[in-house]
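Here the structure comes first, spelled out in C-alpha cells, and everything after it is commentary.
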Amino acid sequence: MTSICLRDCTNCCFLPPLGQLPFLKELEISGFDGVVTVDSEFHSNDISVERPFKSLEILRFEDMSEWKEWSLIGGNEDGGAFPRLKELHLRYCPKLTGDVPDYLPSLSILRIWQCAQLKALLPNPRAQQMDIAFPSLLTMEMRDCPEIESLPKGGLHQNLNTITISNCRSLVANRSQWDMQRFTSFRSLHISDISEDALDSFPEEGLLPPTLSSLSISDIPNLTTLNSNGFRQLTSLEKLSISWCARLECLPEEGLPVSLSHLWIYNCPLLKDRCEREKGEDWHKISHIAFVHVDWELV
C-alpha cells in the first residue's frame with residue numbers, strides 16, 4: 001500500500017500506527033475531530049521498526065479541530081521518522097500549539113494554513129537541545145498563523161528560494177529578525193493580508209537579499225510608502241506585483257530597480273493616475289520597465 005486517505009472519522013480519538021507501513025508514500029488525515037494528541041502509536045507500535053514512515057513523501061493533516069500536540073516527533077540524523085518526506089501540509093488545525101518535526105532531511109515544501117495557535121517552527125520546549133533542521137527545504141508557505149513569531153534561526157537550507165507569508169501578524173511585526181540574507185538562492189517573496197499598523201513602509205533597508213527576483217505585496221491596507229533604500233538593494237528584481245494597497249501614495253522616491261521587467265499594480269487607487277503613460281507623476285520611475293500593467297491594462 002503506497003497511498004492512504006483517512007477522512008471524517010469524527011469519533012476516533014487515536015490514529016492507527018501507520019508509520020510501520022514500509023511502502024506508504026502519501027498520507028492524508030482529515031476531519032479526526034476527536035484526536036487531541038498525535039503520539040508514538042501513530043509512528044509505530046512495533047519496537048522493531050527503527051525508521052517509521054521510511055518511504056513517506058507527502059503528509060497532509062487537515063481539519064483537525066481538537067489536535068493540540070504532536071509528540072515523539074522527528075528524531076535525529078541517525079534515525080527517526082520521515083527520512084524521505086518531501087512535502088508537509090498542515091491546514092485548519094486551530095488548536096495545534098506544538099511543533100512540526102524537528103529533523104526532516106528531505107523536505108522541500110512546507111505549507112501551514114490556519115493554525116492560529118501555532119507559535120513557532122521550533123522543537124518542543126522540553127527538548128531544547130534539539131535543533132530544527134530542514135536541510136532540503138525550498139518552499140515555505142505560512143497563512144493565517146498569527147502567533148508564529150519568527151522563522152527558524154537554524155536548519156533552513158541556504159537554497160530556500162520561496163516564502164509566502166499571509167495573515168501572520170507576529171511574524172511580520174518581527175521582520176527585522178528574518179535574516180533572509182542567509183538564503184543565497186532566495187528568489188521569491190509573497191507577503192499579503194497584513195493589518196499591522198506598524199507596516200506602513202516596506203521593505204526596510206537590508207531586509208531582503210539582493211538575489212530576490214520576484215516580490216508580491218498584497219492587501220496591506222496601512223502601507224503608505226515603498227522604501228527607496230530597501231528597493232535600491234534589490235538589484236536582481238525582475239517582477240513586482242502590488243495590489244489592494246489603498247493608502248499607498250507613490251512609488252519609491254528614487255524609482256524602481258533597473259532590472260525590473262514586469263510591474264503589476266492592481267486596486268491601488270492613489271497610484272493609478274501617477275502611473276499614467278507620459279503624464280503620471282511616477283511615470284519617469286517606471287518608463288524603463290518593459291511591461292507595466294495597471295488594473296490589468298497594459299500601460
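In what follows, every heavy atom counts, from backbone to side chain, and hydrogens, waters and symmetry copies are set aside.
Side chain to side chain, Asp219 and Ser192 fail the donor-acceptor criterion of an N or O pair below 3.5 Å. Judged purely by distance below 3.5 Å, without hydrogens or angles, the side chains of Ser201 and Thr225 pair a donor atom with an acceptor atom. With no hydrogens or angles considered, no side-chain donor-acceptor pair links Thr10 and Asp33 at under 3.5 Å. Thr139 and Thr162 are not linked by any side-chain donor-acceptor pair at a separation below 3.5 angstrom, with hydrogens and angles left out of the test.
A continuous path of ILVMFWY side-chain contacts below 4.5 Å connects Ile4 to Phe32, so both sit in one hydrophobic cluster. Note on Ile242 and Leu298: separate hydrophobic clusters, where clusters join Ile, Leu, Val, Met, Phe, Trp and Tyr whose side-chain heavy atoms are under 4.5 Å apart, directly or indirectly. In terms of hydrophobic clustering, with Ile, Leu, Val, Met, Phe, Trp and Tyr side chains grouped at heavy-atom distances under 4.5 Å, Leu6 and Val36 are assigned to different clusters. No path of Ile, Leu, Val, Met, Phe, Trp and Tyr side chains, each step under 4.5 Å between heavy atoms, connects Ile112 with Ile109, placing them in separate hydrophobic clusters. The cluster map of Ile, Leu, Val, Met, Phe, Trp and Tyr, joined by side-chain heavy atoms under 4.5 Å apart, puts Val258 and Ile286 in different clusters.
Using a distance-only test at 3.5 Å, with no hydrogens or angles considered, no donor-acceptor pair links the side chain of His288 to the main chain of Ser259. When atom types are taken as modelled, the side chain of Asp295 and the backbone of Asn267 share a donor-acceptor pair closer than 3.5 angstrom. Distance alone, capped at 3.5 Å, places no donor-acceptor pair between the Ser170 side chain and the Ile148 backbone. Without hydrogens or angle criteria, Ser108 side chain to Ser136 main chain gives no donor-acceptor distance under 3.5 Å. Between the side chain of Trp178 and the backbone N or O of Leu171, at least one donor-acceptor pair lies under 3.5 Å. A donor-acceptor pair is defined here as one N or O able to donate and one able to accept, closer than 3.5 Å; no such pair exists between the side chain of Asn174 and the backbone of Gln177.
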Next item on the list: Walk me through it: do Leu226 and Phe231 pass the test side chain to side chain contact (heavy atoms under 4.5 Å, CB included)?
Entry: CA-CA 8 Å; Leu226 298 176; Phe231 271 95; 3.7 Å; yes
Note to self: Does Arg277 form a side chain to side chain contact (heavy atoms under 4.5 Å, CB included) with Trp283? I'd like the steps, not just the answer.
What the structure shows: CA-CA 6 Å; Arg277 175 176 287 272; Trp283 174 250; 3.7 Å; yes
Next item on the list: For the pair Leu251 and Leu271, evaluate side chain to side chain contact (heavy atoms under 4.5 Å, CB included) and give the outcome as yes or no after the intermediate values.
Entry: CA-CA 8 Å; Leu251 295 176; Leu271 285 184; 4.2 Å; yes
Next item on the list: Start with the C-alpha gap between His43 and Gln20, add the side-chain angles, then the distance that decides, and say whether side chain to side chain contact (heavy atoms under 4.5 Å, CB included) holds.
Entry: CA-CA 7 Å; His43 293 77; Gln20 61 193 41; over 6 Å; no
Margin query: Let's go through Ser213 and Ser236 carefully: what are the C-alpha distance in whole Å and the side-chain angles of both, what is the deciding distance for side-chain hydrogen bond (donor to acceptor under 3.5 Å, both in side chains) to 0.1 Å, and is it a yes or a no?
Written below: CA-CA 5 Å; Ser213 61; Ser236 301; over 6 Å; no
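Here salt bridge (charged side-chain N to carboxylate O under 4.0 Å, His left out) pairs that include residues 53-63, with residues two or more places apart or in two chains, are Glu26-Arg60.
Residues Met180 and Leu212 are not in side-chain contact: their nearest non-hydrogen atoms beyond the backbone lie 4.5 Å or more apart. Between Asn222 and Arg247 there is a side-chain heavy-atom pair separated by less than 4.5 Å. When side chains are defined from C-beta on, Leu118 does not count as touching Glu147, because their heavy atoms never get closer than 4.5 Å. Looking at heavy atoms from C-beta onward, Arg274 lies in side-chain contact with Cys250 at the 4.5 angstrom threshold. Within the 4.5 Å cutoff, the side chain of Leu90 has heavy atoms near those of the Trp70 side chain. The side-chain heavy atoms of Ile194 and Phe202, taken from C-beta on, include no pair separated by under 4.5 Å. Counting only heavy atoms from C-beta outward, the side chains of Gln233 and Glu205 approach each other to under 4.5 Å.
Ring geometry for Trp296 versus Tyr266: interplanar angle of 30 to 60°, hence tilted. Note on ring orientation: taking the six-membered ring where Trp is involved, the planes of Trp264 and His293 are parallel (angle under 30°, cut-offs 30° and 60°). Note on ring orientation: taking the six-membered ring where Trp is involved, the planes of Phe61 and Trp67 are tilted (angle from 30° to 60°).
By the 6.0 Å contact criterion, CD on Gln181 is enclosed, its count of non-hydrogen atoms from other residues, nucleotides or ligands being greater than 12. Within a 6.0 Å sphere centred on CZ of Arg84, other residues, nucleotides and ligands contribute 12 heavy atoms or fewer. No more than 12 heavy-atom neighbours from other residues, nucleotides or ligands sit within 6.0 angstrom of CH2 on Trp244.
Here CG of Asp273 is found 11.0 Å from NZ of Lys279. Values are rounded to the nearest 0.5 Å. The CG atom of Asn229 sits 12.5 Å away from the CG atom of Leu207 when rounded to the nearest 0.5 Å. To the nearest 0.5 Å, atoms CZ (Phe186) and CG (Leu208) are separated by 7.0 Å. Considering CE of Met140 and CZ of Phe183, their distance stands at 7.0 Å, rounded to 0.5 Å. The SG atom of Cys115 sits 13.5 Å away from the NZ atom of Lys95 when rounded to the nearest 0.5 Å. Taken from CZ in Arg7 to CD in Glu28, the straight-line distance is 4.0 Å, to the nearest 0.5 Å.
By the side-chain hydrogen bond (donor to acceptor under 3.5 Å, both in side chains) test, His89 is found to be paired with Glu87, residues two or more places apart in sequence or in another chain being considered.
Here the closest non-hydrogen pair linking Cys245 and Cys268 is N-SG, 3.7 Å. Taking every heavy atom of both residues into account, Asp144 and Asn167 meet most closely at OD1-ND2, 2.9 Å. Here the shortest heavy-atom pairing between Pro105 and Pro83 reads CG-O, 3.6 Å. Of all non-hydrogen atoms in Gln117 and Pro94, the two that sit nearest each other are CG-O, 3.0 Å. In this structure, His284 and Ser287 approach most closely via the heavy-atom pair O-OG, 3.7 Å. The two atoms that bring Pro203 and Asn227 nearest to each other are O-CB, 3.0 Å, heavy atoms only.
Electrostatic pairing of Lys285 and Glu254 does not count as a salt bridge here, judged by no charged N lying under 4.0 Å from a carboxylate O.
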